[in-house]
There are 2 protein chains.
Amino acid sequence: MNKTIRKGANSLPINEILAGDCIEVMNALPEESVDLIFADPPYNLQLRGDLHRPDNSKVDAVDDAWDQFDSFKVYDNFTRDWLKAARRILKPNGAIWVIGSYHNVFRLGAELQNQGYWILNDVVWRKSNPMPNFRGKRLTNAHETLIWASKNEAAKYTFNYEALKALNEGIQMRSDWVLPICNGGERLKDDNGDKAHPTQKPESLLHRIVLGTTNPGDVILDPFFGTGTTGAVAKMLGREFIGIEREEKYRKVAEKRIASVRKFDKDALRVSTSKRAEPRVPFGQLVERGMLRPGEELVSMNGRSTAKVRADGTLVSNDVKGSIHQVGAHLEGAPSCNGWTYWTFKRDGKNVPIDVLRQQIRAEMQ
Amino acid sequence: MNKTIRKGANSLPINEILAGDCIEVMNALPEESVDLIFADPPYNLQLRGDLHRPDNSKVDAVDDAWDQFDSFKVYDNFTRDWLKAARRILKPNGAIWVIGSYHNVFRLGAELQNQGYWILNDVVWRKSNPMPNFRGKRLTNAHETLIWASKNEAAKYTFNYEALKALNEGIQMRSDWVLPICNGGERLKDDNGDKAHPTQKPESLLHRIVLGTTNPGDVILDPFFGTGTTGAVAKMLGREFIGIEREEKYRKVAEKRIASVRKFDKDALRVSTSKRAEPRVPFGQLVERGMLRPGEELVSMNGRSTAKVRADGTLVSNDVKGSIHQVGAHLEGAPSCNGWTYWTFKRDGKNVPIDVLRQQIRAEMQ
DNA sequence: TACCGATGTGAATCTACGT
DNA sequence: AACGTAGATTCACATCGGT
């Protein structure tokens, strides 16, 4: 680390972690010299007070100084400057990936477009295990957004269509990626056993990006290197990397981490492809989709009970309200009940099990 | 259709489709008068035709230079103007939903923030049956992005947490929604059998938005009404709507469509509510009513602590005095504590949560 | 060993109301 | 407007200790 850059030279500081402010460091690199940039900039979260879980434990929030900006204007200036510096060092056919949340991603996307970058896709990282919303005041923030853009509209960017299709079991890769957050053994810890970096990204995410949008030997630069996920995956997949990181503690962790990675050591990749046997289909979806109407009557399989569907996907039967399972269990005096096989609805004079509708939705989802 | 708006009057043109440019029409509506705005703005503007450059110079339809930067400027001006008009007519505690793709959603989100709207969530509509990418040059564009924002940071927006949770079978609703695109019988056709509108949204999408972020009777305005999905769902779910649409052919289709919609009965529209909506019961009432006696001992749910009830409805435990919440929090060393679920009392040899007594009082209040 | 329950934790713009 | 108090609120995993 703390490498000196030979200015003006055409040689790049390959597979090194450069210390310093990313804008200054990028400006010292030769122009049109890198193939891909992956950037995970500060999100500018504006957290007010502490947040506790219902069990009173405190959420360890991102309150680091590097995420604090005084205003959107300050954040926009910062975004403009680093994207401009990135653009200069990008090869004509190079591309960029940025990641963000609703706090900052709209500023990022707009500025990319303003500078002439050409958006190829926005990609949604759907987290399979996000943190819930503890106060019940909003939707669970269960995704982050990535933007993939070429240097300009005419650029011949790299896209390994077949590789991604293969990774997706023969089906064309979509713009929404379901991947778990980085935890467990992959999550780097400091000497105290605390997380080494508050926002470490999973290697599975970078694996997809590197495999799909670079070729072996390409140079991938990450201006917000952190603990070096980009470098680790680049090395594994036989690409070169350049990391830039301001904070020494992160550089140290990254240095050590990458040193332990072996090239092409794909076994080291912890790509989790958590496959559920059957996707869960909430009963409410049948109502939303108009397959069942609010107010419509359901009849139990044994014909002894009826219940009315409500707009939020719950049932009412006399004074009992609840899910298809809860109401079924109550009516039967049973501890539990599979509502999917218990309830039927009327179509063309016949009683049809509601499970038929679930199968229909599952077929659509493949 | 083609309704005249009574300017200055406090009465809204409810459940009508207003003809004209949405900015002009919104500016003619009374301020702070609608509860929710749902907007699906166009992004394929015919920029070369009848528009002006940002500096107001005219654009030659044929061969005038019209670069990307100019076109973004025009789009941003358009976005700024309609979002400003929308903001004026929104009630202080109102909210807005906008939907877009990567072509325009970053401009939308950034301008929302610039105007002081407060983003609550960005939501990904994950299409279960998207159009494949035929050329294999990019990822399948399989989602669109929605932004949900309140009028400002302090606003008390409507969020029916329990209803959405019920719709999702008891698990809190996430920010990624898997719903099919609008096709089949739901897709409106014109007289030639072609689709009546290029971007008709599925009713399931609006169902979730209307159910989750409005109350029955609320006024929902859609400035880009198209074929009236917003109006149809609003009517079904017992809300009022105001549509604005420039093109007569869409207004006609929407008019006919909404006329054929049947409102769901009131009972079906009742949704699950949270405890927060229940009337507050002071603990002291339990003592006043003799449900608990002064001097009686309460035991904590975990069995580790006890406290004595005092005549004024406070508790004493050793040297600690205060409300059921304060004493519970102190004994647990927690930042806060819900005394109602923390404390139990003895009846017939069993420990009964004091919340049972509160339920009893609430039932009597009905 | 295998299973079970208790415990811990993750990029979070996370309350409402009365005084 | 600031402040204090009542009291409502969590999902998917990973780890670990005990049976």
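FYI, side chains are in, hydrogens and waters are out, and symmetry mates aren't considered; it's all heavy atoms of this structure. A, B, ... follow the sequence lines: proteins, then strands. Residue 1 opens every chain.
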Which nucleotide wins on minimum distance to the side chain of [X], given the candidates [options]?
{"X": "A/Val59", "options": "C/dA11, D/dA8, C/dA12", "value": "C/dA12"}
{"X": "B/Asn338", "options": "C/dA11, C/dT13, D/dA8", "value": "D/dA8"}
{"X": "A/Asp55", "options": "C/dT9, C/dT13, C/dA11", "value": "C/dT9"}
{"X": "A/Leu47", "options": "D/dA8, C/dT13, D/dC13", "value": "C/dT13"}
{"X": "A/Tyr102", "options": "D/dA6, C/dG10, C/dA12", "value": "C/dA12"}
{"X": "A/Ala61", "options": "D/dT5, C/dT13, C/dA12", "value": "C/dA12"}
{"X": "B/Lys275", "options": "C/dT13, D/dA8, C/dA11", "value": "D/dA8"}

Give none if [N] has no partner; otherwise give the nucleotide forming a Watson-Crick or G-U wobble pair with it, both distances under 3.5 Å.
{"N": "D/dG17", "value": "C/dC4"}
{"N": "C/dC17", "value": "D/dG4"}
{"N": "D/dC11", "value": "C/dG10"}

Ignoring backbone atoms, establish whether [X] has a side-chain N or O less than 4.0 Å from OP1 or OP2 of [N].
{"X": "A/Arg135", "N": "C/dT15", "value": "yes"}
{"X": "A/Asn141", "N": "C/dT13", "value": "yes"}
{"X": "A/Lys195", "N": "C/dG10", "value": "yes"}
{"X": "B/Arg174", "N": "D/dT10", "value": "no"}
{"X": "B/Ser323", "N": "D/dA6", "value": "yes"}
{"X": "B/Tyr161", "N": "D/dT10", "value": "yes"}

*How do B/Gln172 and B/His325 order along DNA chain D: which one's closest nucleotide is nearer the 5' end?*
B/His325
Charged N-O contact under 4.0 Å between [X] and [Y]:
{"X": "B/Lys308", "Y": "B/Glu296", "value": "no"}
{"X": "A/Asp76", "Y": "A/Lys73", "value": "no"}
{"X": "B/Glu153", "Y": "A/Arg48", "value": "yes"}
{"X": "A/Lys249", "Y": "A/Asp190", "value": "no"}
{"X": "A/Lys201", "Y": "A/Asp40", "value": "yes"}
{"X": "B/Arg126", "Y": "B/Asp176", "value": "no"}
{"X": "B/Glu111", "Y": "B/Lys84", "value": "no"}

For [X] and [N], give me the distance from atom [atom1] to atom [atom2], rounded to whole Å.
{"X": "A/His52", "N": "C/dT9", "atom1": "NE2", "atom2": "C1'", "value": "14 Å"}
{"X": "B/Tyr342", "N": "D/dA8", "atom1": "OH", "atom2": "C1'", "value": "17 Å"}
{"X": "A/Gln68", "N": "C/dT13", "atom1": "CD", "atom2": "P", "value": "15 Å"}
{"X": "A/Gln200", "N": "C/dT9", "atom1": "CD", "atom2": "P", "value": "16 Å"}
{"X": "A/Lys189", "N": "D/dT15", "atom1": "NZ", "atom2": "P", "value": "8 Å"}
{"X": "A/Tyr43", "N": "C/dG10", "atom1": "OH", "atom2": "C1'", "value": "13 Å"}
{"X": "A/Asp63", "N": "C/dT13", "atom1": "CG", "atom2": "C1'", "value": "14 Å"}
{"X": "A/Asn56", "N": "C/dC14", "atom1": "CG", "atom2": "P", "value": "18 Å"}

*Would you please test B/Phe159 and B/Trp148 for ring pair (Phe, Tyr, Trp, His ring centres under 6.0 Å) and show each step?*
CA-CA 11 Å; B/Phe159 182 54; B/Trp148 174 38; 5.4 Å; yes
Would you mind classifying the nucleic acid contact of [X] as base, sugar-phosphate or nothing, using non-hydrogen atoms under 4.0 angstrom?
{"X": "B/Thr341", "result": "nothing"}
{"X": "A/Thr140", "result": "nothing"}
{"X": "A/Val105", "result": "nothing"}
{"X": "A/Lys201", "result": "base"}
{"X": "A/Asp40", "result": "base"}
{"X": "A/Asp60", "result": "sugar-phosphate"}
{"X": "B/Gly339", "result": "nothing"}
{"X": "B/Ile119", "result": "base"}
{"X": "A/Pro202", "result": "nothing"}
{"X": "A/Pro130", "result": "base"}
{"X": "B/Gln326", "result": "sugar-phosphate"}
{"X": "B/Ile171", "result": "sugar-phosphate"}

Between [N] and [M], how far apart are the two [atom1] atoms, rounded to whole Å?
{"N": "C/dA11", "M": "D/dT15", "atom1": "C1'", "result": "23 Å"}
{"N": "D/dT5", "M": "C/dC14", "atom1": "P", "result": "23 Å"}
{"N": "D/dG7", "M": "C/dG10", "atom1": "P", "result": "32 Å"}

*Taking syn as any angle within 90 degrees of 0 and anti as the rest, which one fits D/dT10?*
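Judged by the O4'-C1' to base torsion, D/dT10 sits in anti, the angle falling more than 90° away from 0.
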Please determine whether any donor N or O and acceptor N or O are separated by less than 3.5 Å between the side chain of [X] and the base of [N].
{"X": "A/Arg53", "N": "C/dG8", "answer": "no"}
{"X": "A/Ser101", "N": "C/dA12", "answer": "no"}
{"X": "A/Lys137", "N": "C/dA12", "answer": "no"}

*Does the side-chain ring of A/Phe134 lie flat on the base of C/dC14, meaning centres under 5.5 Å and planes less than 30 degrees apart?*
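No, aromatic ring not over the base.
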*Using heavy atoms to find the nearest nucleotide of DNA chain C for A/Asn183 and A/His103 separately, return the residue whose nucleotide is more 5′.*
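Comparing both residues, the 5'-ward one is A/Asn183.
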*For A/Lys127 and for B/Arg276, find the nucleotide of DNA chain C with the closest heavy atom, then tell me which residue's nucleotide is more 5'.*
A/Lys127
*Is the shortest heavy-atom distance from the side chain of B/Asp122 to the side chain of A/Thr145 under 4.5 Å?*
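A side-chain contact exists here, since the closest heavy-atom pair is under 4.5 Å.
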*Answer whether the closest heavy-atom distance between the side chains of B/His143 and B/Val124 falls below 4.5 Å.*
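Of all side-chain heavy-atom pairs linking B/Val124 with B/His143, at least one is under 4.5 Å.
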